[in-house]
Number of protein chains: 2
Amino acid sequence: MIIDKGIITISEHERQERFQALMARIRGAGHRMTAQREAVVRALVNSERHPSAEELFTSVRAEHSGLSLATVYKTLDVLKALGEVLELEFRDGAMPGNRYDGVRPHAHPHLVCVSCGTIEDLETDPLAGQAQAMAESRGYRVERYRFDLYGLCPTCQARARACGHTR
Amino acid sequence: MIIDKGIITISEHERQERFQALMARIRGAGHRMTAQREAVVRALVNSERHPSAEELFTSVRAEHSGLSLATVYKTLDVLKALGEVLELEFRDGAMPGNRYDGVRPHAHPHLVCVSCGTIEDLETDPLAGQAQAMAESRGYRVERYRFDLYGLCPTCQARARACGHTR
DNA sequence: TTAAATGCAAATTTTTTGCGTGATG
DNA sequence: CATCACGCAAAAAATTTGCATTTAA
């Protein structure tokens with residue numbers, strides 16, 4: 001796991017480990033393993049994009065031509081039930097549909113480019129600050145959080161500049 | 001504006017001021033004022049619940065029986081375009097549909113009860129911490145953020161206990 | 001008076017579900 | 001061989017859109 005300026009990247013090797021762990025987890029929970037499930041899990045783990053269900057469907061279907069979108073959702077449901085995938089809800093703006101993180105299923109902050117849809121993982125714990133203390137002082141029991149920063153990635157800023165846009 | 005243990009509450013007087021400001025803003029932007037628009041804006045500003053479109057529709061329809069849900073969405077679109085409402089996306093869990101904050105349209109953290117759907121405003125700036133610095137050191141330009149804590153409010157914890165649930 | 005806003009209903013979009021068939025353990 | 005999972009297509013749920021009618025300015 002490489003952390004550069006607070007942004008987390010994962011190695012090929014770690015992806016393979018994660019894939020094996022997920023396979024074991026699914027079987028261990030009493031679920032059967034199928035070609036479709038394996039392919040969806042592999043695509044989820046190998047993607048650098050925090051893919052949407054549609055993206056998973058498209059990329060997996062390239063090999064397994066008989067895959068259905070429903071199966072993608074059902075596989076994601078299994079992983080959600082096991083707590084092994086983090087679901088990021090997106091509806092409006094440049095990001096239609098939810099996105100999924102199967103590599104780091106625990107809550108963590110994201111850096112979202114509103115132009116190209118890239119999502120990067122941030123290495124920070126926002127609960128370490130005042131937020132959780134405030135919640136607890138009011139009697140809340142905090143179970144999870146969502147912290148996403150929206151903006152423009154360097155690439156999209158450069159493109160905007162090249163096209164004559166200001167700012 | 002009352003801040004108690006980091007949670008923000010707003011007075012009746014401030015709601016009225018906000019209502020007047022929104023009316024002026026809508027007219028100032030060249031939009032016409034209609035009975036429906038006025039009623040939706042008033043309901044939005046007076047709600048303590050960060051209401052959904054459906055909730056606004058139901059509460060306003062009580063008086064203005066001829067209101068349509070489409071008009072609620074169109075009014076929210078006007079406010080969104082003016083940057084005068086904060087839209088919180090919710091799809092799954094105990095929270096179907098988006099919720100809207102017309103009182104504080106700038107990004108701020110929320111405390112969300114996953115059991116009863118209550119949303120409270122937190123008085124903290126998560127960008128003051130490491131997050132923004134990390135984003136900027138990687139060349140991102142951060143435009144907005146979303147920071148929501150999910151958990152159980154004191155009331156729902158008490159109810160869970162009373163019903164024999166553990167934890 | 002005229003351009004904008006409304007209500008209605010149909011269309012979109014994303015996700016879920018029911019069911020008959022096929023494959024896993 | 002008994003389930004569980006699959007694909008398909010229909011259903012749901014939330015939001016958007018088209019259009020004829022009404023209304024604010």
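We use all heavy atoms of the structure for the numbers below, so side chains are in, but hydrogens, waters and symmetry mates are not. Chain letters run A, B, ... following the sequence lines, proteins first, then strands; residues in each count from 1.
- Relative to the axis of its first five pairs, the axis of the last five pairs of the helix from C:dT1-D:dA25 to C:dG25-D:dC1 sits at 30°, rounded to 10 degrees.
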Audit row: A:R49, A:E120, salt bridge (Lys or Arg N to Asp or Glu O under 4.0 Å) steps and yes/no: CA-CA 8 Å; A:R49 276 188 54 75; A:E120 299 202 78; over 6 Å; no
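- In this model, the phosphate group of D:dT23 is not approached by any side-chain N or O of B:T34 to a distance below 4.0 Å at OP1 or OP2.
- We find the CG-NE2 distance between A:L88 and A:H110 to be 4.5 Å, quoted to the nearest 0.5 Å.
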Go through the steps for A:R91 and B:E89 under the test salt bridge (Lys or Arg N to Asp or Glu O under 4.0 Å), then give the verdict. CA-CA 7 Å; A:R91 178 140 42 193; B:E89 291 179 28; 5.1 Å; no
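- Read 5' to 3', the first and last nucleotides of DNA chain C with an atom closer than 4.0 Å to a heavy atom of chain A are C:dT14 to C:dG25.
- Listed pair A:H31 / D:dA5 meets the phosphate criterion, a side-chain N or O lying under 4.0 Å from OP1 or OP2.
- To the nearest angstrom, P of D:dA14 lies 14 Å from CD of B:E87.
- Where B:R27 and B:K74 each meet DNA chain D at their nearest nucleotide, the meeting point lying more 5' is that of B:K74.
- For the pair B:R32 and B:Y100, both in contact range of DNA chain D, the more 5′-proximal nearest nucleotide belongs to B:Y100.
- Taking only side-chain nitrogens and oxygens, B:N98 comes nearer than 4.0 Å to OP1 or OP2 of D:dT15.
- Residues B:I8 and B:L122 form no side-chain contact, since every pair of their non-hydrogen atoms from C-beta on lies 4.5 Å or further apart.
- For the residue pair B:D125 and B:H108, no side-chain donor N or O sits within less than 3.5 Å of a side-chain acceptor on the partner.
- Summarising the geometry, atom CG belonging to B:L111 is positioned 10.0 Å from atom CD belonging to A:Q132; distances are rounded to the nearest 0.5 Å.
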